[in-house]
**Q** 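Once you've had a glance at the structure underneath, I'll fire off some questions.
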Amino acid sequence: MLIRHFQASCLKIIIMPNTPLLSPAKNLKNTPVLLLSAALAFGSPVPQNQHSTMSNGTMSQLTPAPDAWNFAPDEALLGLSALSVRSVLGSIKAGMDPSSDRPVIPLGHGDPSAFPCFRTAPEAVEAVSAALHSGKHNSYPTGVGLEPARRSIARHLSLDLPYELSPDDVYLTSGCSQAIEIVCSVLAGRPGAHNILLPRPGYLFYEARAAFNGMEVRYFDLLPDSDWEADLGAVEALADRNTVAMVLVNPGNPCGNVYSYDHLAKVAETARKLGIFVIADEVYAHLTFGKNRFVPMGVFGSVAPVLTLGSVSKRWVVPGWRLGWIVTNDPNGVFRRTKLVESIKSYLDISCDPATFVQGAIPELLANTKQEFFDKTVEILRQTADICWEKLKGISGITCPSKPEGSMFVMVKLDLSCLQDIKDDMDFCCKLAKEESVVVLPGCAVGYKNWVRITFAIGPSSLEDGLDRLKSFCSRHSETKK
């Protein structure tokens with residue numbers, strides 16, 4: 001009886017509004033807490049329409065929840081994931097058969113680091129380990145990046161240029177993706193004020209970042225029958241007084257092409273004529289194995305200013321280390337006069353930085369990595385590119401316009417008239433993944449409908465297995481014309 005009476009009393013005290021619960025006596029200071037605890041211990045619930053909180057030792061009721069909260073997502077941002085390679089590949093993988101015991105062959109993205117033949121250089125690992133063990137790289141870096149790292153990158157990139165870069169020309173970023181984010185942000189200005197020219201097919205992350213910043217995007221074509229050269233006539237037709245820059249990816253993603261010196265010279269002359277600069281995405285620099293050697297766009301920096309974007313991700317096969325850069329190839333000082341450099345520095349002051357210990361490792365990484373490592377990586381890519389080119393020739397329903405000569409990718413065209421029950425490139429990729437556990441990237445993810453991008457940067461045996469499965473899939477879905 002005593003327990004029941006105490007339980008009822010506690011409930012009455014808790015749920016009665018406007019009832020003072022705090023005794024002025026100091027020894028009763030914690031009485032409300034004890035009473036509430038006792039009530040809950042006896043299993044007596046507080047009615048759901050009564051919401052109370054504790055403040056200064058007293059119980060008070062909460063304000064009723066509003067009918068609507070004063071925040072909402074950015075609708076434009078919600079739609080941008082459709083432009084993400086990661087998101088598109090995630091959608092394709094979601095439809096795969098989880099009960100299948102066949103190993104998945106990843107031919108959709110450019111990250112071969114999981115394959116032993118593409119393991120990074122031991123000197124790179126030792127450089128990071130030494131930076132960590134030194135205890136000198138546990139603090140915040142400067143906004144533009146550690147000076148020794150910037151000096152080393154400037155010296156490294158200057159080897160391919162007719163002039164010397166300085167550390168002040170180099171700005172460190174969290175991978176090349178952040179470099180793209182920064183460039184698109186500093187160029188945007190007010191919404192709708194500027195436009196940027198992008199290649200098609202191309203890396204749609206540029207479009208996503210430009211759209212997020214309210215900048216208009218205009219596309220010029222890469223010509224598949226001319227080794228994917230840029231249609232410079234289209235560039236001139238698209239540009240107007242609000243055009244600020246054009247993007248060129250070399251070596252090419254997604255096409256696997258490598259631009260000649262002569263074509264790059266024409267690009268520079270076109271940019272100069274239009275009064276725009278070139279954003280040179282060179283994250284696959286020196287990964288070439290065809291007739292054209294890699295020529296950095298910065299060679300033509302005195303003709304038209306160039307912002308070069310790069311990273312250690314691809315050449316050293318360490319995309320998870322997230323160390324990239326923006327470099328101003330601008331011997332004439334155009335970027336400083338137009339305050340673009342000042343804008344980049346300001347953005348870096350309010351953004352995240354690459355890990356300090358990775359920055360600290362860069363001088364040794366660049367100085368100590370042996371040429372044999374780079375030669376081995378390129379030789380494996382040459383072999384796998386050859387495998388890809390030869391095997392694609394024998395697959396019905398797809399055609400490859402040119403043999404890849406650089407980067408890690410090749411574009412192939414689907415002939416839907418020869419393929420049964422295939423609606424488009426996305427349908428092709430989803431069914432291929434489900435039936436054969438082979439993942440390739442649909443062309444829609446690079447702005448090229450009814451094409452697919454295939455990466456050959458995986459182990460040779462896995463590549464052969466994947467292409468054999470692709471052939472089986474196409475054979476099953478082929479329609480014999482009558």
**Q** Would you find more than 12 non-hydrogen atoms of other residues, nucleotides or ligands less than 6.0 Å from F115 atom CZ?
**A**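 Counting other residues, nucleotides and ligands, CZ of F115 exceeds 12 neighbours.
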
**Q** Between the main-chain N or O of S302 and the side-chain N or O of N332, is there a donor-acceptor pair closer than 3.5 Å?
**A**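 Checking the backbone N and O of S302 against the side chain of N332, a donor-acceptor pair under 3.5 Å is found.
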
**Q** Would one find more than 12 heavy atoms of other residues, nucleotides or ligands at under 6.0 Å from atom NZ of K449?
**A**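 For K449, atom NZ is crowded (more than 12 foreign heavy atoms under 6.0 Å).
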
**Q** Would Y261 and F300 count as a close aromatic pair, with their ring centres under 6.0 Å?
**A**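 Ring-ring flag for Y261/F300: true, centres closer than 6.0 Å.
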
**Q** Verify, without hydrogens or angle tests, whether T142 (side chain) and G145 (backbone) share a donor-acceptor contact under 3.5 angstrom.
**A**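 Answer holds: yes.
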
**Q** Looking at S417, is its backbone amide N or carbonyl O close enough to the side chain of D415 to form a donor-acceptor pair, meaning the two atoms are under 3.5 Å apart?
**A**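 Yes, the answer is positive, given that a donor and an acceptor are paired below the 3.5 Å cut-off.
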
**Q** Can you list the steps and then say if K376 with E379 is a salt bridge (charged side-chain N to carboxylate O under 4.0 Å, His left out)?
**A** CA-CA 5 Å; K376 176 188 173 185; E379 183 57 33; over 6 Å; no

**Q** Could you check if a side-chain atom of E216 sits within less than 4.5 angstrom of a side-chain atom of I196, using non-hydrogen atoms only?
**A**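 E216 does not reach I196 side chain to side chain.
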
**Q** Measure the NZ-OG distance between K314 and S113 for me, rounded to the nearest 0.5 Å.
**A**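 Output value for this atom pair is 9.0 Å.
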
**Q** Hey, are T328 and D169 close enough side-chain-wise for a donor-acceptor pair under 3.5 Å?
**A**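 T328 and D169 do have a side-chain donor-acceptor pair below 3.5 Å.
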
**Q** For salt bridge (charged side-chain N to carboxylate O under 4.0 Å, His left out), just list the numbers for K391 and D468, CA-CA rounded to whole Å, side-chain angles, deciding distance to a tenth of an Å, and then say yes or no.
**A** CA-CA 8 Å; K391 282 190 169 289; D468 286 342; 2.9 Å; yes

**Q** Just by distance, no angles: are the side chains of D262 and S260 close enough, under 3.5 Å, to form a donor-acceptor pair?
**A**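 Not at all, the side chains of D262 and S260 share no donor-acceptor pair under 3.5 Å.
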
**Q** Between E269 and R272, does at least one N-O distance fall below 4.0 Å, as a salt bridge requires?
**A**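 Salt bridge absent between E269 and R272.
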
**Q** Would you call V104 and V438 a side-chain contact if the rule is heavy atoms closer than 4.5 Å?
**A**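 In short, these two side chains do not touch, never coming nearer than 4.5 Å.
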
**Q** When you compare the side chains of N250 and Y284, does any donor N or O come within less than 3.5 Å of an acceptor on the partner?
**A**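 There is no such pair between these side chains.
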
**Q** Taking atom types as modelled, is there a side-chain donor on D227 or H263 under 3.5 Å from an acceptor on the other?
**A**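 The criterion, which ignores hydrogens and geometry beyond distance, is not satisfied for H263 and D227.
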
**Q** Would you call H109 and L89 a side-chain contact if the rule is heavy atoms closer than 4.5 Å?
**A**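 A side-chain contact exists here, since the closest heavy-atom pair is under 4.5 Å.
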
**Q** Starting at SG of C429, measure out to NZ of K93 and round the result to the nearest 0.5 Å.
**A**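 The NZ atom of K93 is 12.5 Å from SG of C429, to the nearest 0.5 Å.
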
**Q** Looking at E342 and R336, is any side-chain nitrogen of the basic one under 4.0 Å from a carboxylate oxygen of the acidic one?
**A**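 Result for this pair is no, no salt bridge flagged.
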
**Q** Considering non-hydrogen atoms only, spot the tightest contact between I454 and C388 and give its length.
**A**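 Minimum heavy-atom separation between I454 and C388: CG2-SG, 4.3 Å.
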
**Q** Does E123 offer a backbone N or O that forms a donor-acceptor pair with the side chain of T369 under 3.5 Å?
**A**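 No, the answer is negative, given that no donor and acceptor are paired below the 3.5 Å cut-off.
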
**Q** If you take all heavy atoms of I458 and F118, which pair is closest and at what distance?
**A**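 Between these two residues, the closest heavy atoms are O-CE1, 3.6 Å.
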
**Q** Under 4.0 Å between a Lys/Arg side-chain N and an Asp/Glu carboxylate O for K431 and D421?
**A**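 No salt bridge links K431 with D421.
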
**Q** Quick one: list whatever passes side chain to side chain donor-acceptor pair (under 3.5 Å) with S313, sequence neighbours left out.
**A**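 Side chain to side chain donor-acceptor pair (under 3.5 Å) list for S313, sorted by chain: S311.
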
**Q** Which atom pair, heavy atoms only, marks the closest approach of F409 to G110?
**A**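 Between these two residues, the closest heavy atoms are CZ-CA, 3.6 Å.
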
**Q** Set out, in order, the CA-CA distance, both residues' side-chain angles and the distance that settles side-chain contact (heavy atoms from CB on, under 4.5 Å) for V249 and V247, then state yes or no.
**A** CA-CA 7 Å; V249 183; V247 171; 4.3 Å; yes

**Q** What I want to check is whether the side chains of D240 and N195 have a donor and an acceptor closer together than 3.5 Å.
**A**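 Yes.
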
**Q** To the closest 0.5 Å, what do you measure between CD (E464) and OG1 (T384)?
**A**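 Going from CD on E464 over to OG1 on T384, the span is 10.5 Å.
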
**Q** List the steps and the verdict of side-chain contact (heavy atoms from CB on, under 4.5 Å) for E229 and K266.
**A** CA-CA 11 Å; E229 288 187 343; K266 292 176 183 177; over 6 Å; no

**Q** Report yes or no: is the cationic atom of R315 (NZ for Lys, CZ for Arg) closer than 6.0 Å to the six-membered ring centre of F374, at no more than 45° off its axis?
**A**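 Pair R315/F374 counts as cation-pi.
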
**Q** Between E282 (side chain) and G298 (backbone), is there a donor-acceptor pair under 3.5 Å?
**A**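 Looks like no, no N/O pair under 3.5 Å.
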
**Q** Heavy atoms only: give me the nearest T270-E236 pair and the separation to one decimal.
**A**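 Of all heavy-atom pairs spanning T270 and E236, the closest is CG2-CG, 3.9 Å.
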
**Q** Looking only at heavy atoms, what is the nearest atom pair of I326 and A179, with distance?
**A**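 What the structure gives for the nearest pair is CG1-CB, 3.7 Å.
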
**Q** Distance-only, no hydrogens or angles: does the R218 side chain make a donor-acceptor pair with backbone N or O of L238 under 3.5 Å?
**A**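 Yes.
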
**Q** Any side-chain heavy atom of L222 sitting closer than 4.5 Å to one from C255?
**A**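 SC-SC contact between L222 and C255 confirmed.
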
**Q** Could you tell me whether the side chain of T455 and the main chain of L107 form a donor-acceptor pair under 3.5 Å?
**A**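 Answer holds: no.
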
**Q** Taking the side chain as C-beta and beyond, is there a heavy-atom pair between S396 and C418 under 4.5 Å?
**A**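 The answer is no, as the side chains (C-beta and beyond) never meet within the 4.5 Å cut-off.
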
**Q** Is R151 close to H156 at the side-chain level, that is, under 4.5 Å between some pair of heavy atoms?
**A**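 H156 does not reach R151 side chain to side chain.
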
**Q** Taking atom CZ of F289 and atom CD1 of I380, what is their separation to the nearest 0.5 Å?
**A**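 If we round to the nearest 0.5 Å, F289:CZ and I380:CD1 are 12.0 Å apart.
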
**Q** Please determine which of R469, K471, R102 meets the side-chain hydrogen bond (donor to acceptor under 3.5 Å, both in side chains) test together with E436.
**A**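 Looking at R469, K471, R102, the match for E436 under the side-chain hydrogen bond (donor to acceptor under 3.5 Å, both in side chains) is R102.
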
**Q** SG/C430 to CG/D424 distance, rounded to the nearest 0.5 angstrom?
**A**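 That separation rounds to 8.5 Å.
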
**Q** Less than 4.5 Å apart, any side-chain heavy atom of F428 and any of C474?
**A**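 They are in contact (side-chain heavy atoms under 4.5 Å apart), so the answer is yes.
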
**Q** Could you walk me through whether L187 and M215 satisfy the side-chain contact (heavy atoms from CB on, under 4.5 Å) test, starting with their C-alpha distance in whole Å, then the side-chain angles of each, then the deciding distance to 0.1 Å, before giving a yes or no?
**A** CA-CA 8 Å; L187 292 180; M215 186 161 50; 4.2 Å; yes

**Q** Kindly list each side-chain donor-acceptor pair under 3.5 angstrom involving residues 397-406, sequence neighbours excluded, with atom names and distances?
**A**
residue	atom	partner	partner atom	Å
S402	OG	W228	NE1	3.4
K403	NZ	D386	OD1	2.7
E405	OE2	K291	NZ	3.2

**Q** Does some side-chain heavy atom of E207 sit less than 4.5 Å from a side-chain heavy atom of Y219?
**A**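 They are in side-chain contact.
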
**Q** Under a plain distance cut-off of 3.5 Å, with no hydrogens placed, do W325 and T173 share a side-chain donor-acceptor pair?
**A**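 No, no side-chain donor-acceptor pair sits under 3.5 Å.
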
**Q** Taking 4.0 angstrom as the limit, do D97 and K434 come out as a salt bridge?
**A**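 The answer is no: the pair does not qualify as a salt bridge.
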
**Q** Go through the steps for R209 and V183 under the test side-chain contact (heavy atoms from CB on, under 4.5 Å), then give the verdict.
**A** CA-CA 9 Å; R209 293 308 317 185; V183 171; over 6 Å; no

**Q** Checking side-chain polar atoms at under 3.5 Å, does N329 have a donor or acceptor matched by the opposite partner on T308?
**A**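 Yes.
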
**Q** Under 3.5 Å, is there a donor on one side chain and an acceptor on the other for N253 and R453?
**A**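 Result is yes, a qualifying pair exists.
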
**Q** Just by distance, do the side chain of R293 and the backbone of T288 share a donor-acceptor pair under 3.5 Å?
**A**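 No; judged by distance alone, with no hydrogens or angles, the pair does not exist.
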
**Q** Treating D330 as the side-chain partner and F335 as the backbone partner, does any N or O pair qualify as donor plus acceptor under 3.5 Å?
**A**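 Yes, D330 side chain to F335 backbone: donor-acceptor pair under 3.5 Å.
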
**Q** At what distance, to the nearest 0.5 angstrom, does CG of D425 lie from NZ of K413?
**A**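 Rounded to the nearest 0.5 Å, the CG-NZ separation comes to 12.5 Å.
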
**Q** Taking the six-membered ring for Trp, are Y448 and W451 parallel (under 30°), tilted (30 to 60°) or perpendicular (over 60°)?
**A**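 If you compare the ring of Y448 with that of W451, the planes turn out tilted.
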
**Q** Are the side chain of S158 and the backbone of L161 linked by a donor-acceptor contact shorter than 3.5 Å?
**A**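 A pair under 3.5 Å: no.
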
**Q** For L467 and I395, which heavy atoms make the closest approach, and how far apart are they?
**A**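 Residues L467 and I395, closest heavy atoms: O-CD1, 3.9 Å.
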
